Number of protein chains: 2
Amino acid sequence: MLCLEVRFNTYPRFVEFLIYLALTSLPNMKKTKRQVILDTAAKLFRKKGFAATSMRDLAKAVGMEAASLYNHIKSKQEILSALLLGAAQQYTDGMNNVKESAVTPLEKMDQLIALHISIAIQHPNTISLMTQEWVHLEGEPYDSFSSQRKAYENDFREIIIAGIEAGQLKKVNPDIALFSILSTMRWFYAWYSKKDGLSLKELEKEFSEVLIGGLKHKA
Amino acid sequence: MLCLEVRFNTYPRFVEFLIYLALTSLPNMKKTKRQVILDTAAKLFRKKGFAATSMRDLAKAVGMEAASLYNHIKSKQEILSALLLGAAQQYTDGMNNVKESAVTPLEKMDQLIALHISIAIQHPNTISLMTQEWVHLEGEPYDSFSSQRKAYENDFREIIIAGIEAGQLKKVNPDIALFSILSTMRWFYAWYSKKDGLSLKELEKEFSEVLIGGLKHKA
DNA sequence: CCTACCGATCGGTAGG
DNA sequence: CCTACCGATCGGTAGG
């Protein structure tokens, strides 16, 4: 007892440490802090890029020392892969829903445009990383991300081809049609913040008209 | 004379240095080497990003030591600004030509699509930097690049608006039409390398149809 | 063109 | 959660 009191007085920082350990052992508090770190990292990575953002930049932005970050995340790499694989999963899930729905290819394309707009509005910072920062992934997360992206593009292309074969779309080059839609949708996050005059429904309708209108037969 | 001979024998590396100085003082040789460095830098920056590419990486790729690079370029920053401002100038010049030509707004839009395709095929590595790596520019080059990009977008938007007012295009949202065309054209460099089955003329025609077709009145 | 080197900063660990 | 610290690497300079 005496011994403990002496230690506590001698090492006041050790007591703080014990209190910290007790508090953060509550699982949901730990999860919240991790999420704050991930969200802040997404914002910084978007602004400066993954490579140019240091762990000290990130620590400062969340209000702690760099070393403390490692109580919540394993490495800088893990932050990037958590962000990117989480986003990739959203697109994969969305595509799987669209594929299963019993509608025409043209309606599926409208649903996919809505999917892109919805995800980009929800997570603009993370989505901003999907176009270029994924090259900084390493090992298994890199392979997982790449294969999900490839699968998504193949699924989308097949829907366009189905639309052409069903006579709903003109006989355009499917790759060019796919590429036009995807590159526009992949940059939507960057454009959206400048324009807030349009509702979600209006956005979907306008983009569908501009991106798919040119593919339809003249009525 | 004796003195010189002694020095030359004592410092053989110094003789090599003098020979190097004499050779590289020929202005066009120096320009060539600088261009090799710039081209190689564009390739590396594209693959790994500006921040993640070290001057040692670059030196290795051009076959010299890092310190030697600085005989041809001032800094890592200067490489990036030389690449990006050179490319920006090409777009600005192209837009000025288009603006001056006495054709309809719709034909101007076709010319601009051809401009993007042409530049992207000529300098795919440098163009790849224009979408994201320009954020690493500092000071005056950053301002110059930003203002040229802004001016280009404004000029393009006015051509679209003129097309709508002339009755050539439907009354779509000009910003959405502009954004769709630009984001597709800005990613063209990344898509093109995968597809080499199409001629330049076919590419221009297909992209014009897909990107502008949806903006036209139904015939 | 090189060798030798600089101060600054990087991602991350030890340990309380 | 922090302080203290590590080896590695960064962009760039001096000087021949």
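Since this is a predicted model, take the numbers as computed values, not measurements. Chain naming here is simple, since letters A, B, ... match the order of the sequence lines and numbering starts at 1 in each.
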For this session: Please round to the nearest 0.5 Å and tell me the distance separating atom CH2 of B:Trp191 and atom CD1 of A:Ile176.
Result: 4.0 Å
Exercise. Hey, mind stepping through A:His116 and A:Tyr192 against ring pair (Phe, Tyr, Trp, His ring centres under 6.0 Å) and telling me if it holds?
Worked result: CA-CA 12 Å; A:His116 277 270; A:Tyr192 176 67; over 10 Å; no
Problem set entry | Value in whole Å for how far the P atom of C:dG12 lies from NZ of A:Lys74 | 12 Å
Problem set entry | Nucleotide C:dT9, atom C1' - distance to NZ of A:Lys76 in whole Å | 12 Å
Exercise. For A:Met55 and D:dC1, what is the distance between atoms CE and P respectively, to the nearest whole Å?
Worked result: 13 Å
Problem set entry | A:Lys201/A:Glu204 salt bridge by N-O under 4.0 Å criterion | yes
Problem set entry | Out of C:dT3, D:dC10, C:dC10, whichever nucleotide has its closest atom nearest the side chain of B:Glu65 | C:dT3
For this session: Take atom NE2 of A:His72 and atom C1' of C:dG12, then tell me their distance rounded to the nearest Å.
Result: 16 Å
Exercise. Any salt bridge between A:Glu78 and A:Arg34, counting N to O under 4.0 Å?
Worked result: yes
For this session: To the nearest Å, give me how far apart CD1 (A:Ile73) and P (C:dG11) are.
Result: 10 Å
For this session: To the nearest Å, give me how far apart CD1 (A:Ile79) and P (C:dG12) are.
Result: 9 Å
For this session: Please check if any side-chain donor atom of B:Asn71 sits under 3.5 Å from a side-chain acceptor atom of B:Ser68, or the reverse.
Result: no
For this session: Measure from the side-chain heavy atoms of A:Asn71 and tell me the nearest of C:dC1, D:dC1, C:dG12.
Result: D:dC1
Exercise. Considering every strand shown, what is the Watson-Crick or G-U wobble mate of D:dG7 when both distances are under 3.5 Å?
Worked result: C:dC10
Problem set entry | Minimum-distance nucleotide (side-chain atoms of B:Tyr70 versus D:dC1, D:dG12, C:dC1) | D:dG12
Problem set entry | For C:dG16, the Watson-Crick or wobble counterpart (both distances under 3.5 Å) | D:dC1
Problem set entry | Rounded interatomic separation in angstrom, taking CZ from A:Arg56 and C1' from C:dG12 | 8 Å
Problem set entry | D:dC2 phosphate, OP1 or OP2, under 4.0 Å from A:Ser68 side-chain N/O | yes
Problem set entry | Whole-Å distance separating the NE2 atom of B:His136 from the C1' atom of D:dG11 | 15 Å
For this session: Consider the side chain of A:Ala67, meaning its heavy atoms from C-beta on, and name the nucleotide among C:dC1, C:dA14, C:dG11 that approaches it most closely.
Result: C:dA14
